[in-house]
Amino acid sequence: MAGHDAIDVIRAKRDGSELTADQIGWVIGAYTGGAVPDEQMSALLMAIFFRGMSPDELAAWTQAMIDSGERKDLSALGRPTADKHSTGGVGDKITLPLAPLVAACGVAVPQLSGRGLGHTGGTLDKLESIPGWQADVHEDAYLRQLREVGAVICAAGHDLAPADKLLYALRDVTGTVESIPLIASSIMSKKIAEGADALVLDVKTGSGAFMKNADDARTLARTMVGLGEAAGVRTVALVTAMDRPLGRTAGNAVEVAESVEVLAGGGPADVVELTLALAREMLAGAGRGDVDPADALRDGRAMDVWRRMIAAQGGDPDAPLPQPAERHVVTAPATGTLTRLDSYALGVAAWRLGAGRARKEDPVQAAAGVTWTAGVGERVTAGQPLLELQTDDAGRIPRALEALEGAIGIDTGEQPLPLVLDRIE
Ligand code: URA
């Protein structure tokens with residue numbers, strides 16, 4: 001792939017020409033290898049932001065990102081594999097009950113996850129509130145756990161689409177995150193490289209989501225499904241509501257506790273519904289559409305896998321979870337039907353209480369978060385406790401309360417979105 005010049009590639013994209021697969025492979029490889037500097041890649045990303053990418057360009061861009069690292073081969077496991085990705089939301093703890101549930105139904109789940117940034121929580125941050133649990137799993141231990149337990153949720157290694165780590169960091173500081181082709185290729189390069197046979201995408205829409213508007217969420221979902229199918233991964237996306245948060249908790253330890261309730265056969269109805277909907281899609285994609293995951297939730301098999309999955313990574317599934325030093329209750333301001341519990345506001349409140357981080361290197365508080373006693377559509381009575389803010393640092397409470405101003409709507413006649421808006425294949 002010699003003979004390319006970054007300036008020619010930038011100019012071609014800037015002027016609306018279609019880049020060749022060769023040009024794309026070269027520029028991603030040269031950028032990852034340090035031969036193309038950040039300023040040239042920034043210009044190219046901005047040109048892509050404005051010009052978009054054709055389906056062929058996008059497929060080549062995604063493939064080049066996969067090829068910057070290693071595409072894992074899980075065929076030696078001898079059983080089907082399925083993975084799930086959520087574009088992120090508030091109170092979205094679904095991965096925690098979902099991975100052991102699908103594993104309990106005979107499909108292995110290799111779930112490489114990330115940490116939270118901003119108002120959406122990170123799966124690894126949540127699991128790290130379990131005493132002893134380790135996010136880093138060595139390659140050999142990863143395969144052994146997949147074989148013996150059937151599910152692993154851990155940090156992605158450095159060999160998984162390394163170009164994405166560099167590109168994502170650059171997009172973050174150059175105003176080029178909000179581009180559907182760049183988001184789709186970023187997510188799908190990592191998911192395809194993970195090596196699962198089937199993939200289910202949970203594309204969120206609403207105030208607490210990346211894609212505020214349902215049409216953008218559908219376009220992103222369609223783009224990602226196309227990339228997955230082209231790479232030989234059976235891919236389905238559900239577009240789901242994030243105008244209100246999921247379940248009754250947003251934070252770290254509180255979300256683990258709620259996930260354990262779901263695994264014990266209880267938990268909030270929306271978390272159970274979405275966990276089962278995604279589990280059914282994962283099982284169908286992996287060729288086990290005849291298995292009903294509700295049985296494995298009811299009879300305790302999913303809980304057994306959860307306990308083994310946590311213990312395999314050093315965690316104690318029986319250890320008490322950390323409790324906050326400070327709690328602050330917010331009461332319902334009126335009597336009526338709760339029509340709005342704004343997920344973005346709740347996410348920001350949980351973040352300000354210490355559950356999330358503003359910079360990659362910041363620590364998080366295991367016990368920080370927000371819990372609520374009623375979901376959208378339920379009746380509430382003036383003065384009843386509605387929200388509880390939890391933190392180790394009382395000084396954080398006023399700023400969290402500021403974030404919640406205007407977040408609660410009672411009996412205003414607003415219609416909430418249905419939980420699952422669309423299915424795209
Ligand atoms: N998540 C990713 O992994 N990449 C993006 O570009 C956006 C969200």
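We count ligands from 1, going down the list as the structure has it; atoms in each ligand are counted the same way.
For A217, the side-chain contact (heavy atoms from CB on, under 4.5 Å) partners two or more places apart in sequence, or in a different chain, are V203, T205, M211, V239. Taking D67 as the reference, Q63 meet the side-chain contact (heavy atoms from CB on, under 4.5 Å) condition, with sequence neighbours excluded.
Remark: K212 qualifies as a cation-pi partner of Y344 under the 6.0 Å distance and 45° angle criteria applied to the six-membered ring.
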One line per pair, note the atom names and distance for all nitrogen or oxygen contacts under 3.5 Å between ligand 1 and the protein.
from: ligand 1; atom 1: 3 (O); to: S186; atom 2: OG; distance (Å): 3.4
from: ligand 1; atom 1: 3 (O); to: K190; atom 2: NZ; distance (Å): 2.5
from: ligand 1; atom 1: 4 (N); to: S186; atom 2: OG; distance (Å): 2.6
from: ligand 1; atom 1: 6 (O); to: R171; atom 2: NH1; distance (Å): 2.9
from: ligand 1; atom 1: 6 (O); to: R171; atom 2: NH2; distance (Å): 2.9
from: ligand 1; atom 1: 6 (O); to: S186; atom 2: OG; distance (Å): 3.4

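Pairs passing the salt bridge (Lys or Arg N to Asp or Glu O under 4.0 Å) check and including a residue from residues 176-192, sequence neighbours excluded, read D83-K191, D164-K190, K191-E194.
The pair E425-R222 fails the salt-bridge criterion, with no side-chain N (NZ, NE, NH1 or NH2) lying under 4.0 Å from an Asp/Glu carboxylate O. E378 has a carboxylate O that lies under 4.0 Å from a charged side-chain N of R248, or vice versa, which qualifies the two as a salt bridge.
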